[in-house]
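Residue numbers count from 1 along this sequence. These numbers come from a predicted model, not from an experiment.
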Amino acid sequence: MSNPQQLRYSKEHEWLSAVDADGVATVGITEFAANALGDVVYAQLPAVGDTVTAGETCGELESTKSVSDLYSPVTGEVTEANQAVVDDPALVNSAPFEGGWLFKVKITDEPADLLSADEYVTLTAG
């Protein structure tokens, strides 16, 4: 399993892209989380304009195995939800770091405890 080095990771298994010039970053779940969930069949994502808070639930993913809460790795306002994932939740499994991203957020606060790719590998190795 390869975690892109340019991303940062939460202990709840979400990833966060670099922030663009407008202060917006992309959020998704990791390949580790997607594999643990199994085949994702439903995605409930935060809506544009919603405020999300770091470490708090902002949606859910339902798989053939279970339902899992989606946590925001940062605090901010949602600027886009990935309609392609809502229409085809299997993208979360097939392309968790590409087309399977979940939402974009204009960040107002970022926790200091986000992990590097190597730190995330250590977290999930146990």
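- No donor-acceptor pair under 3.5 Å is formed between the side chain of Asp39 and the backbone N or O of Ala90.
- Ser72 places no side-chain N or O within 3.5 Å of a backbone atom of Glu56 that could act as its donor or acceptor partner.
- Considering CG of Leu114 and CG of Leu7, their distance stands at 11.0 Å, rounded to 0.5 Å.
- In terms of the side-chain hydrogen bond (donor to acceptor under 3.5 Å, both in side chains) criterion, residue partners of Gln83 (sequence neighbours excluded) are, by chain and number, Asp87.
- Residues Leu61 and Pro89 are not in side-chain contact: their nearest non-hydrogen atoms beyond the backbone lie 4.5 Å or more apart.
- Both Ile107 and Val52 are members of a single hydrophobic cluster when ILVMFWY side chains are connected at heavy-atom separations under 4.5 Å.
- Side-chain contact between Leu70 and Cys58 is present, with heavy atoms from C-beta onward closer than 4.5 Å.
- The OG1 atom of Thr124 lies 10.5 Å from the CD atom of Glu31; values are rounded to the nearest 0.5 Å.
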Query raised in the report: Would Thr108 and Glu77 satisfy side-chain contact (heavy atoms from CB on, under 4.5 Å), going step by step from the backbone distance to the final call?
Result: CA-CA 8 Å; Thr108 57; Glu77 182 179 337; over 6 Å; no
Requested in this report: Go through Ile29 and His13 one step at a time and tell me if the side-chain contact (heavy atoms from CB on, under 4.5 Å) criterion holds.
Outcome: CA-CA 6 Å; Ile29 67 164; His13 309 290; 5.7 Å; no
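- A donor-acceptor pair shorter than 3.5 Å cannot be found between the side chains of Thr30 and Tyr9.
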Requested in this report: With side-chain contact (heavy atoms from CB on, under 4.5 Å) as the test, would you mind laying out the steps for Val41 and Ser63 before giving the verdict?
Outcome: CA-CA 5 Å; Val41 296; Ser63 73; 5.6 Å; no
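- Between Ala54 and Pro73, the shortest heavy-atom contact is CB-O, 3.8 Å.
- Taking Ser116 as the reference, Glu119 meet the side-chain hydrogen bond (donor to acceptor under 3.5 Å, both in side chains) condition, with sequence neighbours excluded.
- By the 4.5 Å heavy-atom criterion applied to side chains, Val92 and Leu102 are counted as neighbours.
- In this structure the side chain of Lys11 never reaches within 4.5 angstrom of the side chain of Tyr71, judged on heavy atoms.
- To the nearest 0.5 Å, the span separating CH2 on Trp101 from CG on Leu45 amounts to 9.0 Å.
- The closest donor-acceptor contact from the side chain of Asp20 to the backbone of Asp22 lies under 3.5 Å.
- By the criterion of side-chain heavy atoms lying less than 4.5 angstrom apart, applied directly or through intervening Ile, Leu, Val, Met, Phe, Trp or Tyr residues, Val105 is grouped together with Val86 in one hydrophobic cluster.
- Side chain of Trp15 to backbone of Asn3: no donor-acceptor contact under 3.5 angstrom is found.
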**Report entry** Chi angles and distances behind the side-chain contact (heavy atoms from CB on, under 4.5 Å) call for Ser10, Leu115
**Finding:** CA-CA 6 Å; Ser10 74; Leu115 307 172; over 6 Å; no
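- The salt bridge (Lys or Arg N to Asp or Glu O under 4.0 Å) check on Glu110 picks up Arg8, with sequence neighbours excluded.
- No donor-acceptor pair closer than 3.5 Å links the side chain of Thr57 to the backbone N or O of Gly59.
- Between Ala25 and Leu16, the shortest heavy-atom contact is CB-CD1, 3.5 Å.
- Heavy atoms only, all atoms of each residue included: Ala43 and Val85 are closest at CB-CG1, 3.8 Å.
- Rounded to the nearest 0.5 angstrom, Leu37 CG and Thr64 OG1 are separated by 9.0 Å.
- Side-chain atoms of Asn82 never come within 3.5 Å of backbone atoms of Gly100 as a donor-acceptor pair (strictly under, hydrogens ignored).
- One finds the OH atom of Tyr120 at 8.5 Å from the CD atom of Glu14 (value rounded to the nearest 0.5 Å).
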